[in-house]
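Quick note on labels: first sequence line is chain A, next is B, and so on, each numbered from 1.
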Amino acid sequence: MPELPEVEVVRRGVAAHVVDRTVADVEVLHPRAVRKHSAGAGDFATRLTGRRLVAARRRGKYLWLELGDAAEAAASTVAASPKAAGEALLTHLGMSGQLRVQPEHVPDEKHLRVRLRFDGGGDELRFVDQRTFGGLSLASLVSVNDVLVPAPIAHIAPDPLEPAFDREAIAEAVRARRTGIKRALLDQSLISGIGNIYADEALWRAGLHWARPTATLTRPVVRRLLDAVIDVMHDALRAGGTSFDALYVNVNGESGYFDRSLAVYGQSGRECPTCAATVRRDTFMNRSAYTCPGCQPTPRNAHW
DNA sequence: TCCAAGTCCTGTATGC
DNA sequence: TGCATACAGGACTTGG
């Protein structure tokens, strides 16, 4: 599932292949893929056509392509379309979304949802999504603490790889919560970019059980956990992300290999690499939480 | 039929 | 009592 490291890998690929290109044509093959664009698929295609992609940026699991002025596009076919300086093509990959850069002669993927063609032909940018939890939309950019972000994600907190990530402030915010630590880690308005995989891996590295109440954590323990989050993100990024199956690939269709380094996530019944205890799976928020009972003992006052 | 899981929405709880 | 905020849980989705 695409979490922060996987989205960053995709961002780098998109930046290398489609930034500075002008959109010649937009094809929406499944309306659900643009459901967040309230004006509909037709408006999405019309407003995006003729725009130049000037930068690829990311916050947490969201990725966006900043759009240049429509008037800059010499070959624009919709010169009369509304100019929107400070606009972006906002993307979320959901559970199974992929942004693929493909030569135009490559046959369509089974779950191809949106296709962008560019002036001059050549490679296309394709949004492929089996489960359609992800999607694309056009959004205006707003300034949040001197950082320009798309308006729909203005509430999303900085992620652990951003300069704006304030470890001390977040540690205090975590301790002020009255919930379990894993639920807090998954709250994108507190820290962005963490999903189920890296939450479990970071908690294991920090030696904390997922049900530990946030209010019982000391400042040094929360700092240790945030350091574990940062470390696991960097390790996964170096490995090209985590791929369990064909649902996550980079823009060239290649898988990452961080799944080989996972200590607990998806490892129920196997030995913990540190203490050899058997990793267990619990049900948490209608999904899974993996822990090592040796390294991550269940707290007496667990917040189930 | 169940499972995977990120986000949004809604209902409930809490505090002022 | 009423309001604002925090929190919890379900719905959505598709293919194995």
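- Contact annotation: A/Arg131 does not reach the phosphate of B/dA4 (side-chain N/O to OP1 or OP2, under 4.0 Å).
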Enumerate, atom names and distances included, each donor-acceptor pair closer than 3.5 Å involving a side-chain atom of residues 23-30 of chain A, sequence neighbours excluded.
residue : atom : partner  : partner atom : Å
A/Asp25 : OD2  : A/Arg117 : NH1          : 2.7
A/Glu27 : OE1  : A/Arg115 : NE           : 2.9
A/Glu27 : OE1  : A/Arg117 : NH1          : 3.4
A/Glu27 : OE1  : A/Arg117 : NH2          : 3.4
A/His30 : ND1  : A/Arg32  : N            : 3.1

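- Of the candidate nucleotides C/dG15, B/dT7, C/dG9, B/dT7 has the atom lying nearest to any side-chain atom of A/Tyr62.
- Between A/His155 and A/Val144, the closest side-chain pair of non-hydrogen atoms is not below 4.5 Å.
- Counting only N and O atoms by type, the side chains of A/Gln102 and A/Glu109 include a donor and acceptor under 3.5 Å apart.
- Distance A/His92 NE2 to C/dC12 P: 19 Å, rounded to the nearest Å.
- Considering only the side chain of A/His111, C/dT14 comes nearest among C/dT13, B/dG6, C/dT14.
- Comparing A/Arg287 and A/Thr179 by the nucleotide of DNA chain C that holds the closest heavy atom to each, the one mapping nearer the 5' end is A/Thr179.
- Applying the side-chain contact (heavy atoms from CB on, under 4.5 Å) test between A/Asp159 and each of A/Lys61, A/Arg58, A/Glu3, A/Glu8 identifies A/Arg58 as the sole match.
- Phosphate proximity of C/dG9 to A/Asn286: absent, as no side-chain N or O sits under 4.0 Å from OP1 or OP2.
- When distances run from any side-chain atom of A/Arg178 to the nucleotides C/dC12, C/dC7, B/dT7, the shortest one goes to C/dC7.
- Judged by closest nucleotide on DNA chain C, A/Met285 is the one of A/Met285 and A/Arg113 placed further toward the 5' end.
- Comparing B/dT7, C/dT14, C/dT13 against the side chain of A/Arg32 picks out C/dT13 as the nearest.
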